Amino acid sequence: MIAGALLAVLVAVALLVVRVLRGPTTFDRLLAANSIGNAAIVLLALFGFLTERPEFLDLGLTYALLNYVGTFAVLKFYRSGSLGAGAEDGT
Amino acid sequence: MTISAEFLEPIITLVLLLLLAVIAFGIVRVRGLFAVVIMLGAYSFLMATLFIVLDAVDVAMTEASVGAGISTVLFLGALYLTDVKEATGRARRLAPMLVAVVTAGVLIWGLSDLPEFGSADQPIHTKGADYLDRSIPETGIQNVVSSVLASYRGFDTLGETAVVFTAAIGVLALFARRRSDGKG
């Protein structure tokens, strides 16, 4: 059951990686990258329970805090600095 | 249907490594540096997950905080000071290529010196057990934890201090309000 969920999350991560790579806008990438962080947290928790180390849940919580820093930084840069506006097309 | 952890672990490792390789190629191909910064964040998070699956929890924590958190802030600072578009041209290709080849060479050269995986006679198992006895005569520090941290692993601690310092700068950059423009 946990193993199946783990595999499902892995598939979700793979799909998110596709979205990060294909874009098309920066915000698609940002959202996908943030979701990869979320999926990593779930992956971590599931892996912890699978290997009977539920302490991994705490690590997941720390991840959640860190995940938000990067997204926050990018969004702040985008809002306050006009430099970010020109980099939409990433091909 | 039950799948054992022993069976699943190599699968997770392989899938994560594959995704890392895919993202790395994407980072090389994409020209908009703003997107590259975001992709590097995603890369770091996957890398940290891989570290945890490989049982290196502390390294994973560092990777997640430095790679996905502070590096993003620092890269954005660099983008603010320079430009969000990658420079093109022949001369701009040679230098990065050279740096990449030299770094890869040094890393592979370093790999050849690693002890065999799981071998019992690697330094972590053979040395270090006598630190409790050696600590006071060698360093004169009463607390063994302090002497290991500040003396035997001094360079490591120096590096960690630099990381903490960088992290503090990153946090300051995040919360600082820009003075130059009014809308801030």
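Predicted, not measured: the structure shown is a model, and the values here were computed from it.
In this structure, chain A has no heavy atom under 4.5 Å from any part of B/L18. Proximity to chain A involves both the backbone and the side chain of B/V22, based on heavy atoms less than 4.5 angstrom apart. If you measure heavy-atom distances from B/V53 to chain A, the contacts under 4.5 Å come from both the backbone and the side chain. With a threshold of 4.5 angstrom between heavy atoms, A/I41 does not approach chain B through any atom at all.
Side-chain contact between A/Y63 and B/M61 is present, with heavy atoms from C-beta onward closer than 4.5 Å. B/L19 is listed as a side-chain neighbour of B/V15, based on a closest heavy-atom distance under 4.5 Å. Between A/E55 and B/V57 there is no side-chain heavy-atom pair separated by less than 4.5 Å. Using a 4.5 Å heavy-atom cutoff, the side chains of A/L10 and A/L43 are in contact.
In terms of modelled atom types and a separation under 3.5 Å, the side chain of B/S44 and the main chain of B/A64 share no donor-acceptor contact.
Following chains of ILVMFWY side-chain contacts shorter than 4.5 Å, one cannot reach A/V11 starting from B/L16, and the two form parts of different hydrophobic clusters. By the criterion of side-chain heavy atoms lying less than 4.5 angstrom apart, applied directly or through intervening Ile, Leu, Val, Met, Phe, Trp or Tyr residues, B/I12 is grouped together with B/L17 in one hydrophobic cluster.
Inspection of the A/S35 and A/N38 side chains reveals no N or O donor paired with an N or O acceptor under 3.5 Å.
Closest heavy-atom contact between B/A42 and A/I36: CB-CD1, 3.9 Å.
Considering only heavy-atom pairs separated by less than 4.5 Å from chain A, the leading option among B/V73, B/I11, B/D55 is B/D55. If you tally non-hydrogen atom pairs under 4.5 Å between each of B/L46, B/V37, B/T49 and chain A, the highest count goes to B/T49.
Interface with chain B: from residues 12-19 of chain A, residues A/V13, A/A14, A/V17 qualify, criterion being any non-hydrogen pair under 4.5 Å.
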